[in-house]
Amino acid sequence: DSGVTQTPKHLITATGQRVTLRCSPRSGDLSVYWYQQSLDQGLQFLIQYYNGEERAKGNILERFSAQQFPDLHSELNLSSLELGDSALYFCASSVESGLGILNEQFFGPGTRLTVL
Amino acid sequence: AQSVAQPEDQVNVAEGNPLTVKCTYSVSGNPYLFWYVQYPNRGLQFLLKYITGDNLVKGSYGFEAEFNKSQTSFHLKKPSALVSDSALYFCAVRDIWGNTPLVFGKGTRLSVIA
């Protein structure tokens, strides 16, 4: 168990809908990362938050947004869903030293999103 | 720009034999390098990392990786494979001085046959 929790585990919804995925990082970790894993695209970095602020952005669609709350949990919002958004969405957390040192990320179990 | 390549989609090895999962990288400066493993229906688990120092890095579950700067490689190895090592393996890289996120390879599926 990595200490990172994600809810829900599975989500089935229809095209055009909006969903929210939730992540709680390991205790003490200030950084949260979101990734999308699909068969054809592999593991794609979406966005990173550090202590409530957006730190880095990857291949995140405009229909997607995220935030990190004062208690450090994070939510990923996916709207106007399309069939191609069906994927596994992972959250990861890490300790940041503030000196640019990159520490290993600890991944949650993921949320499997199916868009019908 | 930084990138990582895992040239093999699939590696098959007999139980008890040594295994190697290949990874090559490209960064503008010195690299941070990581290996992660993903078991079915699970998130990625950290195996090992290279930042600086000894080129041979030892990690979890008996895995090790060798950093080769001249060949820009960071191959994952294990002297004797177990059936339970069957999983998806990801290599990841970032420039040591950059402020960019970790870049993951597409993954290599390892199948250890009894």
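Proteins get letters first, then strands, A, B, ... in listed order; numbering begins at 1 in each. The model shown is predicted, which means the values in this text are computed figures rather than measured ones. These numbers come from the heavy atoms of this one structure, side chains and all, not from hydrogens, waters or symmetry mates.
Closest non-hydrogen pair, B:Pro101 versus A:Phe45, comes out as CG-CE2, 3.1 Å.
Contacts between A:Tyr33 and chain B at a heavy-atom distance below 4.5 Å are absent for every atom of the residue. Both the backbone and the side chain of A:Gln105 come within less than 4.5 Å of a heavy atom in chain B. Proximity to chain A is limited to the side chain of B:Gln38, based on heavy atoms less than 4.5 angstrom apart.
Linking ILVMFWY side-chain heavy atoms closer than 4.5 Å, directly or via other members, places A:Leu81 and A:Ile60 in a single hydrophobic cluster. Using a 4.5 Å cut-off between side-chain heavy atoms of Ile, Leu, Val, Met, Phe, Trp and Tyr, with links allowed through other members, A:Val32 and A:Tyr50 fall into different hydrophobic clusters. Neither B:Tyr61 nor B:Phe34 shares a network with the other; the hydrophobic side chains, linked directly or stepwise wherever heavy atoms of I, L, V, M, F, W or Y lie under 4.5 Å apart, form separate groups for each. If you chain together hydrophobic residues whose side chains sit under 4.5 Å apart, B:Leu102 and B:Tyr25 never meet in one group. A continuous path of hydrophobic side-chain contacts links B:Val57 to B:Trp35 [ILVMFWY only; heavy atoms under 4.5 Å].
At a heavy-atom separation below 4.5 angstrom, chain A is approached by no residue within residues 2-10 of chain B. Taking 4.5 Å as the heavy-atom cut-off, the residues of residues 78-93 of chain B that approach chain A are B:Leu88, B:Phe90, ordered by number.
By the salt bridge (charged side-chain N to carboxylate O under 4.0 Å, His left out) test, B:Glu64 pairs with B:Lys58, sequence neighbours left out. Under the rule for a salt bridge (charged side-chain N to carboxylate O under 4.0 Å, His left out), the partners of A:Glu82 that lie at least two apart in sequence or sit in another chain are A:Arg63.
The number of heavy atoms from other shown groups lying within 6.0 Å of NZ (B:Lys49) is above 12. Shown here is B:Arg42, whose CZ atom has no more than 12 heavy atoms of other residues, nucleotides or ligands within 6.0 Å. Other residues, nucleotides and ligands contribute at most 12 non-hydrogen atoms within 6.0 Å of the CG atom of B:Asn41.
Note that the OH atom of B:Tyr36 and the CZ atom of A:Phe107 stand 5.5 Å from one another [nearest 0.5 Å].
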